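Structure, as structure tokens:
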Amino acid sequence: MKELILILIAASITNNFVLTYFLGICPFIGVSNKIESAAGLGIATTFVMTMAATVTWLIYHYILTPFNLMFLQYVTFIIVIASFVQFVEMFIRKVSPPLYKALGIFLPLITTNCAILGLTLFMVLRDYSFLESVIFGLGAGIGFTLALVLMASMREELVFSEVPEPLKGAGITLIMAGMLALAFMGFGGIISG
Amino acid sequence: MNNLMLSSVLSMAGLAVLFASVLAFADKKLKVKEDPRVDEINHLLPGLNCGGCGFLSCHDLAEHIVKEGADPARCHVISNENREKLFEIVGAEAAAAYPKVPLVHCAARSENKEPVAEYSGTRTCRSADLAFGGGMRCEYGCTGFGDCVDACPFGALRMENGLPEVDMQKCTSCGKCVAACPRDIISLQEKKHEKLFYVACSSRDGAPRVREICPVGCIACGICEKLSPEGFFKVTDNLSHPDYSKQDRREEIEKLRAKCPTKVIKEV
């Protein structure tokens with residue numbers, strides 16, 4: 001049990017995918033304008049991450065390993081991720097057209113979000129058990145959502161502050177992302193301590 | 001070895017079929033009902049996604065026409081036959097649509113461009129315009145690097161001796177060249193009559209300077225304005241502007257045209 005909690009906290013906070021591994025930076029910068037859409041994308045990505053971790057673990061251990069097909073892991077993982085993204089896209093379009101519109105191109109682009117492929121590859125690399133993988137996927141998703149929502153809430157406040165002319169737009173966003181990453185490094189002591 | 005190949009092909013195919021069927025099932029279950037008119041209009045639109053209407057794609061325009069009442073005449077590229085059908089679907093009266101023609105408001109060929117320095121920067125109009133006009137003295141004229149040619153999705157423009165030439169057979173009036181020109185030299189105007197008269201100069205410089213640097217510029221002498229009390233032309237900001245709504249009297253304008261000292265009034 002303690003192991004699982006550790007994995008959850010490590011994936012979501014201390015080893016946050018966005019802020020310590022710098023995976024998935026594209027949607028992190030692209031969709032963090034408004035809290036609603038950031039949260040929407042975060043939840044969609046969390047779903048895809050959890051499901052991808054679950055299904056890829058099953059496929060890896062019950063199909064690829066027995067037949068000695070580990071070299072096909074990349075292709076397989078991408079197929080799984082792409083299918084889930086397709087599914088999520090249909091689902092969001094049905095349930096919440098405004099969110100579908102707000103997310104725009106970033107919704108299908110979850111497919112190419114390197115955080116998700118990274119997640120599945122880490123899972124293989126670290127030899128997680130089934131339950132650990134599911135928790136790892138969930139934790140990574142929560143961490144991604146957390147980073148996205150934090151960033152979005154900061155950027156919403158940014159409108160009211162005076163930003164030096166040359167830094168407006170992308171410049172100040174990247175600086176803020178760096179500071180947020182620094183702040184997250186402060187959590188580093190939780191696990192080892 | 002054979003076994004490995006077989007198992008890999010089979011497992012991949014199996015997974016693909018599995019995911020495809022799950023997605024197909026989900027697609028049925030989660031289908032979103034769209035207004036059928038959106039699809040109909042989308043089929044009538046040319047599908048080039050040129051962006052000339054100001055929307056992201058033809059489908060986006062179709063959606064805006066149906067849901068937000070966007071002007072169905074926004075697409076210039078559509079064929080006349082399809083335009084009528086489109087108006088029928090929307091239920092609007094199709095106004096007589098005149099073809100829009102891109103006009104190049106500069107007449108300076110390469111030999112007319114007075115150099116001020118040698119320009120060796122990036123060969124695009126936009127950078128040349130930033131760098132003191134790409135080596136020419138006129139701050140308003142065509143720099144001649146052909147950003148408009150690159151922007152044209154239909155290949156209707158080409159650079160001819162320092163000025164863009166429009167192939168009206170290919171032009172769809174999408175307006176990309178207008179947006180691409182950093183000096184706003186190109187404009188789109190409706191061609192309602194047999195001939196469309198325009199002033200092939202954009203210079204706001206005063207007469208002495210224009211005389212000095214360009215043999216084919218408008219010197220704002222005002223003769224076209226003085227000789228036409230009906231207001232075919234009006235000189236403001238050191239430049240003559242034609243009234244495009246008063247072009248039905250071709251002979252009178254042609255007389256004025258002959259009077260222009262620098263022959264800067266052109267026709268298409």
Side-chain angles (χ1 to χ4, degrees), chain A residues 30 44 47-48 50-111 116-117 120 124, chain B residues 1-39 41-42 45 47-51 53-70 74 126-127 130-131:
Chain A
F47 173 78
V48 174
T50 316
M51 293 313 287
T54 312
V55 175
T56 48
W57 191 91
L58 291 174
I59 291 177
Y60 188 80
H61 286 273
Y62 289 109
I63 298 177
L64 298 189
T65 318
F67 293 108
N68 222 0
L69 295 172
M70 274 85 89
F71 62 93
L72 285 176
Q73 59 173 342
Y74 295 95
V75 190
T76 321
F77 292 175
I78 290 287
I79 296 180
V80 173
I81 294 167
S83 312
F84 276 110
V85 173
Q86 272 287 305
F87 179 76
V88 169
E89 196 182 342
M90 290 177 203
F91 185 76
I92 291 186
R93 194 163 178 213
K94 173 88 177 172
V95 177
S96 169
L99 183 63
Y100 179 77
K101 225 174 162 182
L103 294 178
I105 186 69
F106 284 100
L107 194 52
L109 277 185
I110 299 178
T111 318
I116 302 175
L117 185 64
T120 54
V124 171
Chain B
M1 186 61 211
N2 235 346
N3 207 0
L4 187 65
M5 208 194 242
L6 194 68
S7 59
S8 54
V9 169
L10 280 182
S11 61
M12 283 294 111
L15 283 175
V17 169
L18 176 72
F19 283 120
S21 45
V22 169
L23 280 182
F25 181 71
D27 189 38
K28 273 264 155 53
K29 280 273 157 202
L30 295 173
K31 197 152 188 85
V32 178
K33 275 219 177 71
E34 240 189 2
D35 194 324
R37 286 180 301 169
V38 173
D39 226 29
I41 294 178
N42 191 28
L45 293 173
L48 295 161
N49 298 331
C50 69
C53 55
F55 293 106
L56 295 175
S57 61
C58 293
H59 187 266
D60 199 29
L61 173 66
E63 239 172 40
H64 275 85
I65 289 176
V66 171
K67 289 183 189 148
E68 273 145 56
R74 282 184 92 131
R126 194 155 286 277
S127 0
L130 287 171

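Fair warning: this is a prediction, and the values are worked out from it, not measured in the lab. A, B, ... follow the sequence lines: proteins, then strands. Residue 1 opens every chain.
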- Message: Given heavy-atom pairs under 4.5 angstrom as the criterion, report whether the side chain, backbone, both or neither of B:L23 touches chain A.
- Response: both

Which donor-acceptor pairs lie under 3.5 Å between chain B and chain A?
unit_1, atom_1, unit_2, atom_2, d
B:K31, O, A:K94, NZ, 3.4

- When you look at CZ of A:F91, are more than 12 heavy atoms from neighbouring residues, nucleotides or ligands closer to it than 6.0 Å? no

- Task: Can you tell which part of A:V80 gets under 4.5 Å to a heavy atom of chain B, answering side chain, backbone, both or neither?
- Result: both

- Message: Only pairs of heavy atoms separated by less than 4.5 Å count here; which of A:V95, A:I79, A:L72 has the most with chain B?
- Response: A:L72

- Task: Determine, step by step, whether A:F87 and B:L30 satisfy the side-chain contact (heavy atoms from CB on, under 4.5 Å) criterion, reporting the C-alpha distance in whole Å, the side-chain angles of both residues, the deciding distance to 0.1 Å, and the verdict.
- Result: CA-CA 9 Å; A:F87 179 76; B:L30 295 173; 4.2 Å; yes

- Message: Looking at B:F25, I'd like to know if its CZ atom is crowded, meaning that more than 12 non-hydrogen atoms belonging to other residues, nucleotides or ligands lie closer than 6.0 Å.
- Response: no

- Message: With a 6.0 Å cut-off (strictly less than), is the heavy-atom count around CZ of A:F67, excluding the residue itself, greater than 12?
- Response: no

